[in-house]
Protein chains: 2
Amino acid sequence: MPIATRVDRVFDALGDPTRRAVFRRLRKGNRSVREIAEGMNVSRPAVSQHLKVLKGAGLIAVRIDGARHLYGVDPSAIEVLRNWLDGFWDGTLTAFKAAAEEEQKKMER
Amino acid sequence: MPIATRVDRVFDALGDPTRRAVFRRLRKGNRSVREIAEGMNVSRPAVSQHLKVLKGAGLIAVRIDGARHLYGVDPSAIEVLRNWLDGFWDGTLTAFKAAAEEEQKKMER
DNA sequence: TACTATGGTAAGTATAAACTTACCGGAAGG
DNA sequence: CCTTCCGGTAAGTTTATACTTACCATAGTA
């Protein structure tokens, strides 16, 4: 069993709807835990636990301001996703090209 | 509770490690269900169920060849993810800009 | 020193979902 | 036909995890 890479943790974190909602709220700027939990249909501790997972995936970062913990998105996460996307896309394209060439060989026979 | 969008289904689908493994296998070209299941530590029906979810998310597509069902990645899914990424990035940037301007106003007071 | 905020964590529950075995129907070859 | 591949689906179990309440620590304030 291979260890979980950064991208794995990102996808695991974003795999939960509530966690995506939390992440989306942070898109508009830094928020405290209570501000995030406000208007959401889960309790504050639940939000706190989700924040922990998101932070573990490197999707968000914290800045401590007294007793308030201000959470915000970590732009590097977007970079990670984009790189994964590019790599995947390249792999798929080369596979398509290889398959096309294989078809071509069949035609020549 | 809003209905699940395409991106939601994509993230839900890619939220599972086994499903990511299946999707990664398809990157190298089209495969039958048995080929996908081969060498994996889950049973063939499990793979079949995962394929259903991936298909529901629009990540893969099927081409039926007799009794064999050949699965392959749906390139449009990559597009969906990329668009989501771009949109998210834009939103975050404007939020950053707004926050910066707010800071500026504070300084001017 | 209280008193009131903040938020993280532990323990337990409850729900979701991943997995297995067993079964079924369709396609190809004898 | 009969046999043998193929793969989807149902039923049930088991495991993971999202959630709640309760509790604790820290920071600011009267």
Side-chain angles (χ1 to χ4, degrees), chain A residues 1-5 8-26 29-74, chain B residues 1-5 8-26 29-74:
Chain A
M1 203 76 93
I3 59 166
T5 68
D8 281 304
R9 287 199 300 274
V10 167
F11 275 117
D12 282 335
L14 261 39
D16 180 73
T18 308
R19 226 137 45 205
R20 282 197 298 275
V22 168
F23 191 51
R24 253 186 281 113
R25 289 200 168 206
L26 264 40
N30 294 341
R31 298 274 187 276
S32 73
V33 179
R34 297 192 116 83
E35 284 171 346
I36 299 167
E38 186 145 352
M40 237 156 70
N41 50 3
V42 293
S43 67
R44 180 196 54 80
V47 171
S48 205
Q49 288 157 9
H50 283 308
L51 288 170
K52 188 178 185 179
V53 176
L54 289 168
K55 188 164 173 289
L59 283 161
I60 60 177
V62 210
R63 180 168 60 84
I64 292 179
D65 175 40
R68 289 161 54 89
H69 293 202
L70 294 175
Y71 285 89
V73 316
D74 186 341
Chain B
M1 204 75 94
I3 59 166
T5 68
D8 281 305
R9 287 199 301 273
V10 166
F11 276 117
D12 281 335
L14 292 177
D16 180 73
T18 309
R19 224 136 47 204
R20 281 197 299 274
V22 169
F23 191 52
R24 253 186 281 113
R25 290 201 168 204
L26 263 41
N30 294 341
R31 300 272 186 279
S32 73
V33 179
R34 296 193 116 82
E35 285 170 345
I36 299 167
E38 186 145 353
M40 238 156 69
N41 50 3
V42 292
S43 67
R44 180 196 55 79
V47 171
S48 206
Q49 288 157 10
H50 283 308
L51 288 169
K52 189 179 185 178
V53 176
L54 288 167
K55 188 163 173 291
L59 282 161
I60 61 176
V62 210
R63 180 168 59 87
I64 293 179
D65 175 41
R68 289 161 53 89
H69 293 201
L70 295 175
Y71 285 89
V73 316
D74 186 339

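Residue numbering restarts at 1 for every chain, and letters A, B, ... go by the order of the sequence lines.
- Of the candidate nucleotides dT21(D), dT9(C), dG8(D), dT21(D) has the atom nearest to the side chain of S43(A).
- Residue H69(A) has its side chain nearest to dG8(C) when only dG8(C), dA18(D), dT20(D) are considered.
- Side-chain N/O atoms of S48(A) include one lying less than 4.0 angstrom from OP1 or OP2 on dG8(C).
- E35(B) approaches R25(B) most closely through the heavy-atom pair O-NH1, 3.8 Å.
- Closest approach of V47(B) to I36(B), counting heavy atoms only: CG1-CG2, 3.8 Å.
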Audit row: D12(A), R19(A), salt bridge (Lys or Arg N to Asp or Glu O under 4.0 Å) steps and yes/no: CA-CA 10 Å; D12(A) 282 335; R19(A) 226 137 45 205; over 6 Å; no
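- For the pair R19(A) and P45(A), nearest-nucleotide mapping onto DNA chain D gives the more 5' position to R19(A).
- The distance from atom CG of D65(B) to atom C1' of dC6(D) is 11 Å, rounded to the nearest whole Å.
- Going from atom CZ of R68(B) over to atom C1' of dA28(C) covers 13 Å, rounded to whole Å.
- Atom CD in Q49(B) sits roughly 12 Å away from atom C1' in dG7(D) (whole-Å rounding).
- Remark: K52(A) is not in phosphate contact with dG8(C), judged by side-chain N or O atoms under 4.0 Å from OP1 or OP2.
- Side-chain atoms of R20(B) come within 3.5 Å of backbone atoms of L14(B) as a donor-acceptor pair (strictly under, hydrogens ignored).
- Atoms CD1 (I60(A)) and C1' (dG8(C)) sit 13 Å apart, rounded to a whole Å.
- Under the ring pair (Phe, Tyr, Trp, His ring centres under 6.0 Å) criterion, Y71(B) pairs with no residue at all, not counting sequence neighbours.
- The interatomic distance linking R44(A) (CZ) with dA22(D) (C1') rounds to 11 Å, in whole Å.
- When the C1' atom of dA17(C) is taken as reference, atom NE2 of H50(B) falls 9 Å away, rounded to whole Å.
- Mapping A67(A) and S32(B) onto DNA chain D by nearest heavy atom places S32(B) closer to the 5' end of the strand.
- Phosphate proximity of dG8(C) to Y71(A): present, with a side-chain N or O under 4.0 Å from OP1 or OP2.
- Nearest nucleotide to the T18(A) side chain, out of dC19(D), dT20(C), dG8(C): dC19(D).
- Rounded to whole Å, atom P of dA18(D) lies 11 Å from atom CG of D12(B).
- Between the CD1 atom of I36(A) and the C1' atom of dG8(C) there is a distance of 14 Å, given to the nearest Å.
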